[in-house]
Amino acid sequence: MAHLLSRNRTKPRPGAPAARLRRIGVLLAGAITAGLLSAAPASADPAPAAPIALASVTATADDQLYALAADHSAVYRWNGEGTDWTKVGGPAQDLYAGGAGLFATSPGTGALNKYNGQPDSWSQIGGAGADFAVTGDHLYGLNPDRTAVYEWSGTGTDWTKIGGPAQDLEAGGAGLFATSPDGKLYKYNGQPETWSEIGGAGADFAVTGDHLYGLNPDRTAVYQWSGHGSEWTRVGGPAQDLYAGGAGLFATNRTDGSILRYDGGRWSGVGSGGSSFTVSGHHLYGLSRDRTAVSAWSGTDATWNSLGAPTAPMPASDTTPAATPPTADSGPASAPPPTAQLSEEAQPAPVLSVTAKDNLYMLRADHSAVWQWSGDGQGWAEIGGPTAAVYAGRVGTFATNPDTGKIYKYQGGREWSEVGEAGAAFAVSGEHLYRLAPDRSAVYEWSGKGTSWTRIGGPARNIYAGGAGLFATNPDTGHVYKYDGQPDNWTKVGGPGATFAVSDDHLYGLSPDKAAVNQWEGQYTYWTPLGGGGDPATGDPGFAVVAALGPQGRDCAQAGSPEEQELCIHPAANVPGTVDDGNVWCSMHQGVFETRFSICSDHVYPVQLRNLRTQVVLGNATIRIQQEINTERDQTSFTEHDIVTVLRSDPSLAGMRLNLEAICAPNCNASAPGPWEGELPAPAGTTLEGTVERHWQRVPGGSQEMNLAWTLTASLPDPSTTTGTTSWGGAKSKIRCDDTFPNRAPGCVVPDFKPTYKIDPKYAQASAFIRAVQKNSPQHVGMLPANNPNLKSVPLHRGDPKKIDDNRGVICPDKGPNVYVKHPATLLFDPQAQCDEYPFAAAEESGAQSGISSGSQCGQYFVSRPTPASPPVLAPDNRVTNNPLVSNCGRASMPKSENGGAGSPLGTFAVSWRLQIGDAYWVDAGKVP
């Protein structure tokens, strides 16, 4: 589970992305997953002031903004105006902030200190801890072995034990929360040892002034805790990270890193991506991708105000080290920490290794000893040896014995403890240690205790890890895969390479011919060239496809038949030369179309093949890609038909070959890896097509979303040996299969499509009541957009069936002090009249789910007959003064036949369209004036 809550604390991660090809080469050559030390540059004259690189920014509840230098040497405070910053302390390892103030841990010792409000004035208030968290006016800590949670008294170094054990702490204005070692989430009730279980595991949690939010483990949905029991409501998703504070809830987009704000009913974009964000009592702050500039969101649109960054003159480099490392004749003083003799391919050869806490270690060139840097300028101390290799990260420092191959963990002083058997390779990623079996048949993850390991995958040729995660290469194809956090759950992210390296944020790959370095973009099989791109000796051009293939995003608006079709991406003009060939049902419409059971697209794209080294264009082509995916209401299989037509191409591309790889994950089996096998010739006029049948690996009683993605590969004949690829699809192209409806076979749908619940026009008064609430409510809840394009509406969402009675009990209570009294005029012509409510009690938008404590807070209506012979009419309830008609909910005295006729089919509707809890739908009650 991520160490994320209000983001008002900073957990620095080891290493940093390599910025230059030379440095990347060093990374690729070694197995130091946590960082490296480069040589000092030559002396130079002092340079003008330059922005100081920052590890993070953090803010207190009263909008005091602080920054931690990337090298952890200093803490800075923004002075509140312009771009002026003041150094207030340092060095520091981590920062924690909230209503109770600013706190920092000391490097090395981990001691906790409180900032007293004046530069360089800090007071130690406690020792080291595994985690700390700050609420409105309280500070909490988790002891190093995570067995107990403590609360600071507010004075001195007095702490009180209030619970434990715990894995992580999460805190904010809404209180203190903790995750247990088994992943359950608990809330602290304010008294020692008094906690309430409120939920399960999550990828991230965030706390605003009055709410707790969680991101589910696969990051596909954001949920809000109701404040009671273990009830959660889906409010959005997917998302990468959550940030929260008094200013609200924010989330980053998994695809492009942009940040969005949740306003209680909808999400809106507020800015592009940054390296990190923090939320104070009133503002959102962001740190630029290069970590050299801080900005504050203005609060409107996507406008940000620059706050600059701390600056300092760049000093001349000192080539004289502060202390001399041990020399070759400094003999070992004790027996070694054990480790494994690795094969030449996997054998790491680091000289230096550093943990996330900046503990620096050195392995002597002859592998006879391991030394640790004191950190205080006093030099190096031998801590063990001999050893084959050293691995370091947040989880600790490990070494392999050159004789037995076993791996040991450093415990401090000269103490080492055995944690595992020999391996072909080891790798450290954040809080985890991984091992590749000696025969490379399996990948294992260390439990963190003793010598217990869990198999998570395999076989693999090699493993690579760092802050960006764990990666492994396929022993047969050389393709690289990313571990998704669950045993045997891996996702392909790229093709073969000569070697790979993982930094804090990125995966880098060296091309098979060692002529180019590429950076993985963090999704699908997207890679960006960083250098190389051609072998001058051989003339290998090293080209790639340059094109914006595939839908880059979808702005969905209802179109066509409301029950069947939703248009995503506004249709563009058709490209000359294309014809309505009928290959797919959306032929000739440039865009992506959806129904609840089908996705269809027809796109024409320009494609350019370009030499990455010289930037010379090798040729241009125009390609038409048509795709149709069809699911079945009551089957767990679905089909995909892909057609690629080369409409035109330059003569230089006459020998071009194309392959399309179709990806579906997770829990998705396919009849073939693509619509056709391997690369096929694709001169101008060629049409390549094929069908892939997919099957959901059914989970009885479960539901699974599967992302669809595609990679198009182009290649040219020799002497070129390099292929170009481009990818599209992903989280916005997905199918969901489920087995959740009793007495109904499992089936699959397109979950992004919002079906429409149509009210039969013969129930005129129920329809009129729904239209009235849709018109008068500020959000026009549930209104089909086509019924009034001038009003911006939000859909309803299927609620938890277990809450229906409770919802009705709030809006239409039939007993108690707030009992609803049906209107006499309705009872006059229908003695069985009922209380009707909208939004439906079965919707997440029911007034009872929106903070309404009584139906009297909703708009009030009734149905009557002005004369015995006249037809019924709907009107505002004339018994109510100050009738709150402008509300997101309403209730009415309604004839029984109207109420039942309009609402009873809703259950069948949910089953027919396979609506899961949280799924969106529209309500069509007729045109809304």
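- Taking the six-membered ring where tryptophan is involved, the planes of Trp416 and Tyr410 are tilted, since the angle between them lies from 30° to 60°.
- Ring geometry for Phe103 against Trp152 counts as perpendicular: the plane angle is over 60°, on a 0 to 90° scale with 30° as the lower cut.
- With values rounded to the nearest 0.5 angstrom, Tyr66 atom OH is found 11.0 Å from Tyr285 atom OH.
- Rounded to the nearest 0.5 Å, atoms CG (Leu176) and CD (Glu170) are 9.0 Å apart.
- Using a 30° and 60° split on the angle between ring planes, Trp304 and Trp297 fall in the tilted class, from 30° to 60°.
- Between Asp131 and Arg146 there is no salt bridge, since no side-chain N of the basic residue sits under 4.0 Å from a carboxylate O of the acidic one.
- Between Trp122 and Tyr115, the ring planes lie tilted relative to each other; the angle falls in the 30° to 60° range.
- Proximity of His283 to Leu65: side-chain heavy atoms (C-beta onward) are nowhere separated by under 4.5 Å.
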TODO: Give the intermediate values and the outcome of side chain to side chain contact (heavy atoms under 4.5 Å, CB included) for residues Thr105 and Asn113.
DONE: CA-CA 6 Å; Thr105 53; Asn113 305 274; over 6 Å; no
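- A salt bridge links Glu193 with Lys161: at least one charged nitrogen is closer than 4.0 Å to a carboxylate oxygen.
- Note: Tyr262 and Tyr213 have perpendicular aromatic rings, judged against thresholds of 30 and 60 degrees for the angle between ring planes.
- One finds the CG atom of Leu169 at 12.0 Å from the OH atom of Tyr188 (value rounded to the nearest 0.5 Å).
- In this structure, Ser429 OG and Tyr464 OH are separated by 15.0 Å, a value rounded to the nearest 0.5 Å.
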